[in-house]
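All values reported here derive from a predicted model rather than from experimental measurement. In what follows, chains are A, B, ... by sequence order, proteins preceding strands, each numbered from 1.
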Protein chains: 2
Amino acid sequence: MNRSASIKDVANHASVAVGTVSNVLNYPDRVSQRTKERVLRAIDELGFIRNDAARQLRAGHSRTIGLIVLDVGNPFFTSVVRAAEDAAALQGSAVLLGDSGHNASRESNYIDLFQEQRVQGLLISPVGDVTERLDLLRDRGIPTVLVDRLADEDKYSSVSVDDDAGGYLAARHLLDTGRRRLAFVGGPTSIRQVADRLQGARRAVKEEPDATLEVLDSEGQTVLAGRSVGNMLVERGRGDLPDGIFCANDLLALGVMQSLTMTHTLKIPEDIALIGYDDIDFAVSAVVPLSSIRQPTEALGRTAIELLAEELESTGPRHRAVIFTPELVVRQSTGPAQGTAAG
Amino acid sequence: MNRSASIKDVANHASVAVGTVSNVLNYPDRVSQRTKERVLRAIDELGFIRNDAARQLRAGHSRTIGLIVLDVGNPFFTSVVRAAEDAAALQGSAVLLGDSGHNASRESNYIDLFQEQRVQGLLISPVGDVTERLDLLRDRGIPTVLVDRLADEDKYSSVSVDDDAGGYLAARHLLDTGRRRLAFVGGPTSIRQVADRLQGARRAVKEEPDATLEVLDSEGQTVLAGRSVGNMLVERGRGDLPDGIFCANDLLALGVMQSLTMTHTLKIPEDIALIGYDDIDFAVSAVVPLSSIRQPTEALGRTAIELLAEELESTGPRHRAVIFTPELVVRQSTGPAQGTAAG
DNA sequence: TCGTAACAATGAAACGATTCAAAGATTTGA
DNA sequence: TCAAATCTTTGAATCGTTTCATTGTTACGA
């Protein structure tokens, strides 16, 4: 049993024409019950497996969708991937996953690969500037949906999350629980996500006349960076401290939390409330469970597939940009304040 | 430019035969310099992209390798995937990644998909019992290499890590730094990894006549599970505590660390040393940087691809099981002890 | 100048599915 | 019972490559 059975073998074994076998596979309604059973039995007996290459060659397109993410290790993307796979499966497609690892050349290799494979379409959260390549793809009939990046609706469809709204949500929550002296901790504001979240926070703070927002720059977005910001705060002494801290992501927040709790004098949330962003797994299991902003990753993945399906149907020049609003997750780290005056 | 250019279009455009274009692509040495240039220019001008389906159909096999992991979100697998992709790229293949998410039916779907795609071979860290399917695959000429699972060399090739050795390494390190009252924290010992690590630790402890090993069962392998074991320890009171704790993974260790540090009386590593397993990113940035056992994930990924290549060449009935030894990573959490008597 | 070897280029056949016009079988209604 | 309508089945053509036997070209020594 060296080479696997072809549709022709099945046809012979069931004593029907190859076209009939194909019909059983693709248009079962066109085939009589009796014949169908014979063919199915033959398929089973020979262990026939459809050769996707041949099908694709004839049909002109595949049943697979390419998905290129920045980092599969990032829970955000992992979750998007899961949702996309499930949504694709529902419509009978499979997802080919590529991990660019923030590396433009890996990204480019995947685009090549997917193009050779003639995927139905491409979902991508781009690293480099790939707009030219994506334009070429579209001309060749391979539509693209940008993921986690807002795109001009004249050019592409996209799904993204409103970071400004997320920032607003976080700051508003701190304000609503009575905090007035807020601080924002975030990496270089050249990162769009960071800038947007800060902007949203500013918007919220402006709504309360007696509230202030201090911006603490961090070196990167890691636990260590958070810890050094935290240490800096601790050294300031009690009088000069914020009573609510919003970190641009959960790693930073966990770092800040480590510094503050190690003092054994400052208490979270009584003295300082703390909220992060992303709602990573570790947020729940922090020493003080961390409040956070959760991004609707499942919706992102599902919607990306839906937009791609739309692109495949209508070939209009107009596309859709779907923007999701993130969600507040309240945990212990932003519990009620101790003695601060409420607004 | 609706349908993309075929090799025939290229041949016309360059005024050569289709076979020549194919040779330029696959056997450049067989073609004269002049012709090659003409063809390459034509390819460029038409934006020709090889149709992989057609190539595959004719060649009988693809240039892709299927890789199914238990959980792409797990840093262990992420790293294995990276290494496998890089190794595959070196030999001109691409990796199609599937994430089973510990779900047997997803796993099965991926096997179907990869089989329809006629992948060259399959790397898999299996969820369910897939041996029958894998046997079928092999009969059809698709070899399999098991990843992170030891397999009978008469049946499959495999790459795995010696968990017993890892357990030994961790316990030996605690002993070498002067600890004698050891504890092992680990989930249900029905999980092979947990059992093996415990076994290795036992081996090390037997080497020191005055050393003891206590086994503390945890409910699962999470931070929370670790914390509840830690709390239990804290309640015991100082006299009755171990002086070195080995956790079956880093999450557990981080949980234990949280409990111990929250007491503000027990100090790590002076009172109790703590070592985990896996060396996840968070290990470095824990309050007390966590010592751990690092698995050679890059080697796993690379070797899996190499074994697959071997399988593709020789069709002998014998396979290879490569077992790697993990590596000790020493950080602050197992620094020198305070007053415990050394052996 | 010729014969031969080495090298280049050719183009038809094949891979395994889908498609579709045409042929064959069956049902329906009168 | 027959013609028309409907339902099944057939099998050749097709997709875009690779393969390989064949033909064409060039270089070289005798």
Spacing between Asn23(A) atom CG and dA22(C) atom P, to the nearest angstrom: 17 Å
Quick check: does any side chain N or O of Thr297(A) sit under 3.5 Å from a backbone N or O of Phe76(A), one acting as donor and the other as acceptor? no
Starting from C1' on dT18(C), measure out to CZ on Arg30(A) and report it in whole angstrom. 10 Å
Base, sugar-phosphate alone, or nothing: which one does Ser32(B) contact when heavy atoms must sit under 4.0 Å apart? sugar-phosphate
Value in whole Å for how far the C1' atom of dG16(C) lies from NE2 of His13(A): 19 Å
Candidates dT18(C), dT9(D), dC15(D) - which lies nearest the side chain of Leu25(A): dT18(C)
Looking at Leu308(A) and Ile65(A), what are the two nearest heavy atoms and their distance? CD2-CG2, 3.6 Å
Report the residue (Asn51(B) or Gly19(A)) whose heavy-atom-nearest nucleotide on DNA chain D is the more 5′ of the two. Gly19(A)
When the distance from OH of Tyr27(A) to P of dC7(D) is rounded to whole Å, what number comes out? 18 Å
Give the rounded distance in Å between these two atoms: NZ of Lys36(B) and P of dA8(C). 9 Å
Heavy atoms only, 4.0 Å cut-off, all strands: where does Val16(B) land among base, sugar-phosphate and nothing? sugar-phosphate
Would you mind reading off the distance between Arg55(A) atom CZ and dT19(C) atom C1', rounded to a whole angstrom? 13 Å
To the side chain of Ile7(A), which of dT17(D), dA17(C), dC15(D) is closest? dA17(C)
Charged N to carboxylate O below 4.0 Å: is that the case for Asp135(A) and Lys155(A)? yes
Just to be sure I understand the rule, does Ser22(B) reach a base, reach only the sugar-phosphate, or reach nothing, if contact means heavy atoms closer than 4.0 Å? base
Between dA17(C), dA9(C), dG16(C), spot the one nearest the side chain of Leu57(B), thanks. dG16(C)
Here the distance between atom P of dG16(C) and atom CG of Asp9(A), to the nearest Å, is 8 Å
Base, sugar-phosphate, or nothing for Asn26(A), non-hydrogen atoms under 4.0 angstrom? sugar-phosphate
Would you kindly compare Ala54(A) and Val31(B) by the position of their nearest DNA chain C nucleotide and give the one closer to the 5′ end? Val31(B)
Just N and O in the side chain of Arg50(A): are any of them under 4.0 Å from OP1 or OP2 of dT18(C)? yes
Is it true that a side-chain atom of Glu311(A) and a backbone atom of Val145(A) form a donor plus acceptor pair closer than 3.5 Å? no
Straight-line distance of Leu146(A) CG to His319(A) NE2, nearest 0.5 Å: 10.0 Å
Arg34(A) CZ to dT9(D) C1', straight-line distance once rounded to whole Å: 13 Å
Among dA17(C), dT18(C), dT19(D), the one nearest Arg58(B) by side-chain distance: dT19(D)
